[in-house]
Amino acid sequence: MQTFSTSMPIGQGLMVPLARLLGLRVVVTHHGPDYNRGKWSKIAKAGLWLGEWLSGKYAHEVIAISKIIQDILKKRCNRIPEIIYNGVFLPEKSQHSDFLKSLDIEPGRYILAVSRIEPEKGLDVLIDAFSQLKTDQKLVIAGYSHYKTDYNAQLQKKISNNSRIILSGFVTGEPLAQLFTHAGLFVLPSFHEGLPIALLEAMSYGLSVLVSDIPANLEVGLARERYFKCGDMDDLKGKIDYHLANPISPDEKSIFRSRIEETYNWKKIAAQTIKVYEKALAQRAGSHL
């Protein structure tokens with residue numbers, strides 16, 4: 001018996017009924033309500049919304065990567081999917097800093113954001129808040145955009161006269177490891193997340209973190225002072241000031257890394273996923289129709 005599985009954006013759920021008609025067992029992983037993203041047209045949002053509903057109604061098994069997504073499907077489809085978080089590996093910290101030198105930044109003397117360059121990531125709010133800080137530290141935004149947009153142009157204009165703000169472009173591998181290893185503070189100002197992988201990566205490095213108080217970030221369960229009011233530039237500025245003056249303690253670093261190992265461990269996640277597939281394969285052909 002073959003299995004059709006999708007862990008792509010929920011628009012792929014449009015194919016679930018066809019897969020069922022072909023006699024396949026279907027497992028869907030829901031990564032987030034993408035129809036809430038501002039970049040989509042009304043027609044695209046409708047397609048994503050329908051894909052989510054078809055997945056929840058007709059897949060043999062559904063995996064949600066957070067409790068928030070589980071609650072959405074429970075309300076929309078009267079279905080309680082299995083929660084299986086995405087994971088990250090506990091990294092070996094980089095012993096190098098040559099990439100930092102290429103950006104003209106010093107270890108421990110910069111704030112890091114790792115994100116796609118899109119409106120829902122809130123980078124404009126971060127840039128505005130940082131620009132008002134009285135600090136000699138720098139802001140490094142490691143990210144990319146799939147295409148040029150008015151938002152890209154807006155960000156470029158904001159930073160054009162501020163040499164303390166660096167757009168590094170797409171970064172991966174050893175250069176990204178260097179940025180995570182040596183950052184003084186990690187900031188995630190998103191308006192929308194399914195599961196904040198960049199936040200989990202920052203925690204795995206034991207970084208001091210500051211994130212918006214959206215549901216997906218709250219679910220990670222950080223201390224209250226590590227959240228700021230989403231979209232509130234003044235609150236973000238004040239919290240950045242606080243965390244620059246109050247570095248993360250060794251105990252909290254250890255707590256972060258332990259949480260990653262216990263909750264977002266890939267071996268545990270793989271075992272959970274296998275069980276879901278086994279459950280789907282065991283179901284009779286007509287179930288969930």
Side-chain angles (χ1 to χ4, degrees), residues 7 29 31-32 65-66 68-69 83-97 99-100 103 105 107-118 120-123 126 138-145 166-223 226-228 239-240 243 247-250 252-270 273:
S7 61
T29 301
H31 287 269
I65 64 169
S66 70
I68 298 154
I69 297 170
I83 296 179
I84 302 179
Y85 297 111
N86 283 337
V88 294
F89 292 104
L90 283 176
E92 292 290 335
K93 293 187 177 183
S94 177
Q95 302 300 312
H96 306 286
S97 60
F99 183 69
L100 273 60
L103 298 178
I105 54 178
R109 302 296 301 166
Y110 62 93
I111 298 164
L112 176 65
V114 178
S115 170
R116 294 191 306 277
I117 311 298
E118 296 179 351
E120 65 265 17
K121 295 300 182 180
L123 296 172
L126 174 58
K138 295 184 178 182
L139 170 63
V140 178
I141 299 174
Y144 65 97
S145 176
I166 300 165
L167 292 179
S168 70
F170 179 72
V171 183
T172 189
E174 171 62 20
L176 183 59
Q178 290 184 29
L179 288 176
F180 272 122
T181 295
H182 300 296
L185 176 66
F186 172 86
V187 180
L188 182 68
S190 297
F191 288 82
H192 171 85
E193 292 284 343
L195 179 69
I197 296 294
L199 169 59
L200 301 182
E201 289 180 321
M203 291 171 64
S204 75
Y205 279 86
L207 286 183
S208 178
V209 299
L210 176 61
V211 300
S212 56
D213 62 351
I214 60 175
N217 291 339
L218 290 170
E219 189 169 336
V220 177
L222 302 172
R226 297 207 171 275
Y227 293 101
F228 72 92
K239 292 288 178 62
I240 291 175
H243 286 292
I248 187 171
S249 69
E252 194 172 16
K253 285 185 178 184
S254 179
I255 289 171
F256 280 0
R257 288 173 64 87
S258 294
R259 186 172 301 169
I260 294 298
E261 190 170 19
E262 293 168 5
T263 306
Y264 304 99
N265 182 294
W266 275 121
K267 288 184 178 180
K268 179 180 178 181
I269 290 164
T273 304

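Sequence positions, counted from 1, serve as the residue numbers for this chain.
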Are Phe186 and Val114 close enough, and set up right, to give a side-chain contact (heavy atoms from CB on, under 4.5 Å), and what steps lead you there? CA-CA 8 Å; Phe186 172 86; Val114 178; 4.1 Å; yes
Where do Ser208 and Arg226 land on the side-chain contact (heavy atoms from CB on, under 4.5 Å) test, with the steps shown first? CA-CA 8 Å; Ser208 178; Arg226 297 207 171 275; 3.0 Å; yes
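Aromatic ring orientation, Trp266 versus Phe89: tilted (interplanar angle from 30° to 60°).
Of the possible donor and acceptor atoms, none in the side chain of Asn217 sits under 3.5 Å from a partner among the backbone N and O of Asp213. Side chain of Arg259 to backbone of Met203: no donor-acceptor contact under 3.5 angstrom is found. Here the side chain of Tyr205 pairs no donor or acceptor atom with the backbone of Leu179 at under 3.5 angstrom. Between the Ser212 side chain and the Ser190 main chain, a donor and an acceptor come within less than 3.5 Å of each other. Arg257 places no side-chain N or O within 3.5 Å of a backbone atom of Gly206 that could act as its donor or acceptor partner.
Closest approach of Asn86 and Leu200 over heavy atoms only: O-CD1, 4.2 Å. When all heavy atoms are compared, the tightest approach of Ala223 to Tyr227 is O-CD1, 3.5 Å. Shown here for Tyr85 and Ser66, the closest heavy-atom pair between the two residues is CE2-CA, 4.2 Å. Counting all heavy atoms, side chain and backbone alike, Leu188 lies closest to Pro196 at CD2-CB, 3.7 Å. What you find for Ser168 and Leu103 is that their closest heavy atoms are CB-CD1, 4.2 Å. When all heavy atoms of Ala142 and Leu112 are compared, the pair lying nearest together is CB-CD1, 4.4 Å.
Remark: Leu90 CG to Asn265 CG distance equals 8.0 Å, nearest 0.5 Å. Note that CG of Leu199 and OH of Tyr264 are 8.0 Å apart. Values are rounded to the nearest 0.5 Å. The distance from the CD1 atom of Ile65 to the CD1 atom of Ile197 is 6.5 Å, given to the nearest 0.5 Å. To the nearest 0.5 Å, atoms CD1 (Ile105) and NZ (Lys138) are separated by 8.0 Å. A distance of 12.5 Å separates CG in Leu195 from CD1 in Ile84, rounded to the nearest 0.5 Å. Separation of atoms CG (Leu185) and CD1 (Ile111) is listed at 5.5 Å; rounding is to 0.5 Å.
Sorted by first and then second residue, the side-chain hydrogen bond (donor to acceptor under 3.5 Å, both in side chains) pairs with a member in residues 169-183 read Ser94-Glu174, Asp98-Gln178, Glu174-Gln178; sequence neighbours excluded. Within the structure, the salt bridge (Lys or Arg N to Asp or Glu O under 4.0 Å) test picks out the following pairs touching residues 187-199 (sequence neighbours left out): Lys121-Glu193.
Counting heavy atoms from C-beta outward, Ile117 and Ile141 have side chains that approach closer than 4.5 Å. Side-chain atoms of Val220 and Thr263, non-hydrogen and from C-beta on, never get closer than 4.5 Å to each other. You'll find the side chain of Leu207 stays beyond 4.5 Å of the side chain of Ile248, heavy atoms only. Between Phe99 and Leu176 the shortest side-chain heavy-atom distance does not fall below 4.5 Å.
Surrounding CD of Glu252 are more than 12 heavy atoms belonging to other residues, nucleotides or ligands, all under 6.0 Å away.
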